[in-house]
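Single-structure report; data block below.
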There are 2 protein chains.
Amino acid sequence: MKNISRLKDSNLKVTPQRLEIVKILSTYGHMNINSLYEALREKFPTLSLATIYKNIHTMRDKSFLSEVKIPNQKNLYELKKEEHSHIVCSKCDDIIDIELDTSSFINQASSISNYKLDKSSIVLIGICPKCATI
Amino acid sequence: MKNISRLKDSNLKVTPQRLEIVKILSTYGHMNINSLYEALREKFPTLSLATIYKNIHTMRDKSFLSEVKIPNQKNLYELKKEEHSHIVCSKCDDIIDIELDTSSFINQASSISNYKLDKSSIVLIGICPKCATI
DNA sequence: CTAAATGCAAAGCATTTGCAAATAT
DNA sequence: ATATTTGCAAATGCTTTGCATTTAG
């Protein structure tokens, strides 16, 4: 199965708990520690919070997943993929991924600042289409 | 004095502790709770951490200052000013402010997503000129 | 004079650690 | 067979709360 080899590729031992973390994250996209814990408890009633923390941190350190910081929210975790930005609805807190062309932006910033830029963390905040109609 | 009237304008009572918070933040730019506490203790040895938390939160809630989330760092606080982005050096952790033209970016994002966007939290990560030469 | 801010101690959460037993490779 | 992971309990760390006292307006 695909998730198994992805874990192996990152030098992570394949445990049932880890497989379920991957499954849940691929379903929900972005989650904080606590909702991940709640979701995992359904399948593993004895799962410990400590196990989640340990797994999330090793998986993050091996770049298997990434930590996302959004204003007014707890840290979120998502499966690693190509660099992308996030859009948050300030009413319902829903988050979507979006791929944007950041190159002109980065160029502008590096020529002003003289930094050698290589990554970005971009969150745009607004109202989602659903909330806009309510 | 300018800081006094700025606090008053935000309906914040002017206490010595708050004046010092403003002074320190305008000197250092961005600080986390703990380094703010350390810095304030020099002038107010009896200052309590609780006082800092309470002040930072009321000042944030009255939009006198803003909370900044940077990957791999604790929450930072800075005096409110025009919207701007941040650049972080991944070696020395130094942070600078930068004003960038985000409009084309925001337009691109809103037409793709159908969100009504009105704010952004943009952090660019790279190597600062100093660290680049070492 | 009144409402808000301060400092302290205690309470409340969140995160990490140590360790024995279980599991993956 | 070995190294890693798991789950538990305890420890640590971070943030908030309640309350008596002080201070700003």
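Worth knowing before you read on, the calculation uses all heavy atoms, side chains too, and leaves out hydrogens, waters and symmetry mates. Per chain, numbering begins at 1; letters A, B, ... match sequence-line order.
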Salt bridge (charged side-chain N to carboxylate O under 4.0 Å, His left out) between B:Lys130 and B:Asp94: does it pass, once the steps are laid out?
CA-CA 10 Å; B:Lys130 275 185 199 167; B:Asp94 248 33; 5.8 Å; no

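Atom P of nucleotide C:dT15 and atom NZ of B:Lys74 are separated by 12 Å, given to the nearest angstrom. Rounded to whole angstrom, the span from the CG atom of B:Asn34 across to the P atom of D:dT12 amounts to 18 Å. Taking atom CG of residue B:Asn75 and atom C1' of nucleotide D:dC14, one finds them 12 Å apart after rounding to whole Å. Between the CG atom of A:Leu19 and the C1' atom of D:dT6 there is a distance of 15 Å, given to the nearest Å. Nucleotide D:dT5 holds its C1' atom 16 Å from the CZ atom of A:Phe64, rounded to whole Å. Rounded to an integer number of Å, the gap from B:Tyr37 OH to D:dC14 P is 12 Å. Atoms CD1 (B:Ile52) and P (D:dC14) sit 14 Å apart, rounded to a whole Å. Whole-Å rounding puts the B:Asn11 CG to D:dA24 P distance at 17 Å.
The backbone N or O of B:Asn75 sits nowhere less than 3.5 Å from a side-chain atom of A:Lys69 that would complete a donor-acceptor pair.
Where B:Phe44 and B:Lys13 meet DNA chain C, the nucleotide closest to each residue was compared, and B:Lys13 sits on the side nearer the 5' end. Toward the 5' end of DNA chain D, the nearer of the two residues B:Leu12 and A:Thr58, judged by each one's closest nucleotide, is A:Thr58.
The phosphate of D:dG7 (OP1 or OP2) has a side-chain N or O of A:Thr46 nearer than 4.0 angstrom. The phosphate of D:dT5 (OP1 or OP2) has no side-chain N or O of A:Gln17 nearer than 4.0 angstrom. For C:dT16, one of the phosphate oxygens OP1 or OP2 lies less than 4.0 angstrom from a side-chain nitrogen or oxygen of A:His57.
For A:Ala50, taking side-chain heavy atoms from C-beta onward, the closest of the listed nucleotides D:dT6, D:dC8, D:dT4 is D:dC8. Set against C:dG7, D:dT6, C:dT25, the side chain of A:Lys8 has C:dT25 as its closest nucleotide. Considering only side-chain atoms of A:Leu47, the nucleotide from D:dT16, D:dG7, C:dT6 that sits closest is D:dG7.
Counted by atom type alone, B:Ser35 and B:Asn32 present one or more donor-acceptor pairs between their side chains at under 3.5 Å.
Cluster annotation: B:Tyr77 is not connected to A:Val123 through the hydrophobic network of ILVMFWY side chains, with a link wherever side-chain heavy atoms come within less than 4.5 Å.
Relative orientation of the A:His84 and A:His86 rings is perpendicular, given thresholds of 30° and 60° on the angle between their planes.
A:Asn55 comes within 4.0 angstrom of sugar-phosphate atoms only, judged by non-hydrogen atoms across all strands, and of no base. Note on B:Thr15: only backbone sugar-phosphate atoms sit closer than 4.0 angstrom, heavy atoms only; bases stay farther off. Using a 4.0 Å heavy-atom cutoff across all strands shown, A:Thr51 reaches at least one base atom of the nucleic acid.
Side-chain atoms of B:Lys54 come within donor-acceptor range of the base of D:dG18, with a qualifying N/O pair under 3.5 Å.
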